[in-house]
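Each ligand, and each atom within it, is numbered from 1 in the order the structure gives. For the single chain, residues carry numbers from 1 onward in sequence order.
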Amino acid sequence: MTTKESSPKLGGLDIFRVAAAALVVAIHTSPLADVSAGADFFLTRILARTAVPFFLMVTGQFVLGKKGIWRHVKKLLLLYAGTILLYLPIGIYAGHFEEVGPCHVLKMLVFDGTFYHLWYFPACILGIGIICALERIFPHKLVLASCVVLYILGLLGDSYFGLLSYIPGAEAFYERIFTVSSYTRNGLFFAPVFLYLGKILGRNFLQKGFWTPLKNPRLCVAAFSAFFGLMTAEGFILRFFALQRHDSMYIFLIPSMIFLYSWILAWQIRPRRRMRTLSAWVYILHPGMIVAVRGAAEILGFDSFLVENNLVHYAAVLTGSFASAAAAMAVFALAKPPRPYPGARAWIELDREALGENVRTLQKSLPQGCRLMPAVKADAYGHGAVLIARQLNGLGVKAFCVASAAEGAELRKNGIKGEILVLGYTHPEDLALIIRYRLIQTVVDTEYGRLLEKHLNRSVAVHIAVDTGMHRLGVPYDDIEAFREIYGRRKLKIQGIFTHLCADDTNRPQDRKYTQMQAERFYRTVEGLRREGFPCSSIHISASYGILNYPELQGDYARVGIALYGVLSTKKDGLASRLPLKPVLSLKARVAAVKKLSPGEAAGYGLCFVAERETTIAILTIGYADGLPRALSCQNGAVLINGCRASVIGRICMDQTIVDVSGISHVRPGDVAVLIGKSGEEEITAGDLALQADTITNEVLSRLGRRLERVML
Ligand SMILES: *Cc1c(COP(=O)(O)O)cnc(C)c1O
């Protein structure tokens, strides 16, 4: 089962982030300068030079490896803008802005940063841009090679600057570079290789068959030590021969980082979100703290102690930075507006952006002239039909299909515009709804055509269902007489004709053949009718799997259901979606209580779970009445709390569920548990639940209970 498998625990990266932040502070304060120049050089110019590449690699892993890069870039831009503003007063006071030509401003903004540590943000953004561009034109290996070439060019402007005089023409070239960027340690030469390595190592670490030595922690430590030793020698040799113009870039920094990063990935410990945020704040705030410590020392007359003793100075700046980082986190936590979900007990969150992207992705994939007719039956597969249809209306969708007249009426009552096709049988009792709410009824077979004619007191719009082999609803495709009869009925305004495919979701040859046959039968029927002068203005054939597996099928509409919600019916058939669709729905609940079980104590109905060891359990405010499949009981399913997995223990109750949170620290009543969706780096999909419950995603979703509140975020 997918959720039982432990997923990668990348907490090591979070811990190392804190260490890296402390190293960056060291670079800017030279703690060992009093001990000896050599010791200080080793600490700040060699050891601490692993910090920024590490941060770049983490960024590469989490930004480049996933979709939605632009969203991350926007975040980086915002962060950059915020820190520029934060340091503007200090920068002005320190006279950083005395030279203000447009060139100088550009140089500061794009390469140097407006304050001395801020170069990191534009470097990240430029580096990400360069890699995205390279990936468009080159295969993977050439992208890496290009990044390495850029790094080598950078080396010559940095640690190996002294070699330039031996290369004809090189000095003039670098002279030019230095007019636009003060260093080659920037987004162009320095950042790309580490960003890209982060992406590769992060992604491949999880896959089988990757270069296995990198998964062996001992070997990583050994290799890192060896390469770091070489890097140390490299640094001291370069220093001895006075070749360095700057000291951020070394040849052996790259292999050192590959093994260091792989080692940290191999730690496999739970994520620590707060450390992640804390380290980011330390990085942002520490230069301010340097200024603050200097100022305080001057005012208080502690200069000799606080500033002149480098180690004390470092300790003061570090403590101050961590304290102010913690304070900033506390302030932001307070200032954060309450989340707009109802969230009292158990609820569904809908991702507006994901839905919009899915609509655009699917619409683009349809043949020319074909439009989406989303299936919003069964409360939009449990998502909430009104919320979904309203959003779709806003995105320009003008046609929907539902299963029943009541479903169509509910949409109209809530102001949904456009055509609404009722796909199923409507009893004569309910025909008033069809008329009143201007719905389109399906003629489900010949006899139903007669029934409609008899019970309608006025004409209504209909689509004819054609049975091409599913043998569910529809007029048999070859019963020409039946079609003539239906077209002859005065009260039926025939606006469309459609069929439904029943074997389009696999790639088995017999299924492909059957689907092809269904399509041929349908198109032949439509042609025959047109030849006889019967109008067929809207024709439709494909549902989700038709769109995915038979993109060539023509039609005026595609009745897309499950794919619109960003999931497939099953993970089992091994069919990968050819389109990048995003899940729209998350299912969440609260922790109601946390308690401890001693070995031998049981929990839940039927004493199904008995603790083997000291166990911490949490009771969640969701049960099978909310649609959580009861089949997930007894360790079959899992939920996410604070970014960690907790497996379901005992039997799922009607309104409550018990999970094992022994491995997760700080779980408290009121915490949010994710049953479908993401938490930290972890994700549980509706497909996972479907596998565990031995059904398809459609069933899991459409059974999500009425009791759940639904919000579009
Ligand atoms: C439910 C339904 C659809 C939508 O199916 P998906 O596989 O979810 O896209 C389309 N057409 C008919 C007739 C349906 O009943």
Hey, which residues fall under 4.0 Å of ligand 1 on heavy atoms?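 Residues within 4.0 Å of ligand 1: Ala375, Lys377, Tyr381, Leu423, Arg472, His500, Ala543, Ser544, Arg559, Val560, Gly561, Ile562.
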Parallel under 30°, tilted from 30 to 60°, perpendicular over 60°: which one fits the rings of Tyr565 and Tyr381?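 The rings of Tyr565 and Tyr381 sit tilted, inter-plane angle from 30° to 60°.
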Do Thr361 and Asn358 have side-chain N/O donor and acceptor atoms under 3.5 Å apart?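 Their side chains do not contain a donor-acceptor pair, so the 3.5 Å distance test is not met.
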For residues Asn698 and Ser569, is any side-chain donor paired with an opposing acceptor at under 3.5 Å?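 Distance-only check passes for Asn698 and Ser569.
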Is it the case that the side chain of Tyr523 and the backbone of Leu553 share a donor-acceptor pair, with hydrogens and angles ignored and the cut-off at 3.5 Å?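 Looks like no, no N/O pair under 3.5 Å.
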Check: Ala385 main-chain N/O paired with Asp379 side-chain donor or acceptor under 3.5 Å: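 Checking the backbone N and O of Ala385 against the side chain of Asp379, a donor-acceptor pair under 3.5 Å is found.
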Any salt bridge linking Glu353 with Lys582? Criterion: basic side-chain nitrogen under 4.0 Å from a carboxylate oxygen.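 Lys582 and Glu353: not salt-bridged.
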